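Some notes on the structure that comes next.
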Amino acid sequence: MGSHKTVKDYIRTIADFPHEGIMFRDVTTLFADPRGMRIAVDQLLHPYAGTPIDCVVGLEARGFILGGAVAHQLGIGFVPIRKKGKLPGPVISEAYTLEYGEAVVEVHDDAIEPGAKVLVVDDLLATGGTAEAGIKLIERLGGEVVGCAFVIDLPDLGGRKKLEDMGMDVHALCAFEGA
């Protein structure tokens, strides 16, 4: 492989995490490699070259790592969408369903200007529940999502279709079959 490694080559798979039967796609090995990290950030940005973007929104938690780097590269601000109870200021909340039960994500109510063009970044697109909730928060504040960029798509879990059905432009650097 040598100098022609792709993003996928830097991602480690760990079997049976967090429980049996799951193949966990671990991006920490990608983040730890300077070349891998640079390739990932550059490729996340690439489809949006020339697109006006006012801020990057990252989804907790690995989306913060990627989103911060993407925002830095673009020279624009970064906005975190966090799990309930983590942000100190006034927030708006959006609930979404998980495999078992419900989760809530929040954003500061002044984090996104009405009319702002927003790029959503996360490491992994699975069912799309978190991303969908994040998009709803952005739109409730008047932001316009110009794209949703992920390192990994798990197409069998249907997240890409869910987001595309919402009218989103979805960009993923690689895909893995199965859950």
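Quantities reported herein were computed from a predicted structural model and do not represent experimental measurements.
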Evaluate the side-chain proximity of D54 to I112: yes if any heavy-atom separation is below 4.5 Å, no if none is. no

Test item: H171 side-chain N/O and L45 main-chain N/O as donor-acceptor pair under 3.5 Å: no

With the 4.5 Å side-chain cut-off for hydrophobic clustering, are L141 and M168 part of the same group? yes

Taking every heavy atom of H4 against every heavy atom of D9, the minimum-distance pair comes out as O-OD2, 4.3 Å

Can you give the donor-acceptor pairs under 3.5 Å from side chains of residues 117-131 to other protein atoms, not counting sequence neighbours?
from, atom 1, to, atom 2, distance (Å)
K117, NZ, E144, OE1, 2.8
D122, OD1, G63, N, 3.2
D123, OD2, R62, NE, 2.6
T127, OG1, G129, N, 3.4
T130, OG1, Y96, OH, 3.3

Kindly indicate whether the side chain of R82, heavy atoms from C-beta on, has any atom under 4.5 Å from the side chain of V107. no

To the nearest 0.5 angstrom, please state how far the CD1 atom of I138 sits from the CD atom of E94. 11.0 Å

Do Y10 and V41 land in one hydrophobic cluster if side-chain heavy atoms of ILVMFWY residues count as linked below 4.5 Å? yes

Testing the basics here: between V105 and A133, what is the closest heavy-atom pair and its distance to 0.1 Å? CG2-CB, 3.7 Å

Between H108 (side chain) and G89 (backbone), is there a donor-acceptor pair under 3.5 Å? yes

Flag if over 12 foreign heavy atoms under 6.0 Å of CD, E113: no

Side chain proximity check, D169 to V146, heavy atoms < 4.5 angstrom: no

Show your working on side chain to side chain contact (heavy atoms under 4.5 Å, CB included) between I135 and C148 and close with a plain yes or no. CA-CA 9 Å; I135 290 161; C148 301; 3.8 Å; yes

If you count the non-hydrogen atoms of other residues, nucleotides and ligands that lie under 6.0 Å from CZ in R140, is the total more than 12? yes

Determine whether more than 12 heavy atoms belonging to other residues, nucleotides or ligands lie under 6.0 Å from atom NZ of K8. yes

Spatial distance of atom CD1 (I152) from atom CZ (F176) [nearest 0.5 Å]: 5.5 Å

If you count every heavy atom of other residues, nucleotides or ligands that lies below 6.0 Å from E102 atom CD, does the total exceed 12? yes

Evaluate the criterion side chain to side chain contact (heavy atoms under 4.5 Å, CB included) for residue pair V56 and V79; output intermediate values, then yes/no. CA-CA 6 Å; V56 173; V79 174; over 6 Å; no

P155 and E177, any side-chain heavy atoms less than 4.5 Å apart: yes

Whether E60 and K86 form a salt bridge (side-chain N of Lys/Arg under 4.0 Å from carboxylate O of Asp/Glu) is what I want to check. no

Tell me, do D16 and I22 make a side-chain contact under 4.5 Å, heavy atoms counted? no

Do any N or O atoms from the side chain of D42 and from the backbone of I39 form a donor-acceptor pair under 3.5 angstrom? no

Verify whether one side chain among D26 and T29 offers a donor that lies under 3.5 Å from an acceptor in the other. no

Spacing of R25 atom CZ and R12 atom CZ [to the nearest 0.5 Å]: 13.0 Å

Would you mind reporting whether K83 and V104 have side-chain heavy atoms less than 4.5 Å apart? no

To the nearest 0.5 Å, atom CD1 of I65 lies from atom CE of M37 at 7.0 Å

With clusters defined by side-chain heavy atoms of hydrophobic residues (ILVMFWY) lying less than 4.5 Å apart, directly or transitively, does I53 cluster with L59? no

Check: F78 and F64 side chains under 4.5 Å, non-hydrogen atoms: yes

Do you reckon Y48 sits in the same ILVMFWY cluster as V7, going by side-chain contacts under 4.5 Å, direct or chained? yes

Using the rule given for side chain to side chain contact (heavy atoms under 4.5 Å, CB included), can you reason through E164 versus M166, listing the C-alpha separation, both sets of side-chain angles and the distance that settles it, and then say yes or no? CA-CA 5 Å; E164 287 175 346; M166 294 172 73; over 6 Å; no

SG on C174 to CD1 on I11, rounded to 0.5 Å: 4.0 Å

So, the side chain of R160 versus the backbone of D153: is there a donor-acceptor pair under 3.5 Å, distance only? no

Is there a path of hydrophobic side-chain contacts, each under 4.5 Å between heavy atoms, that joins F150 and V27? no

Donor-acceptor contact below 3.5 Å, side chain E106 vs main chain I81: no

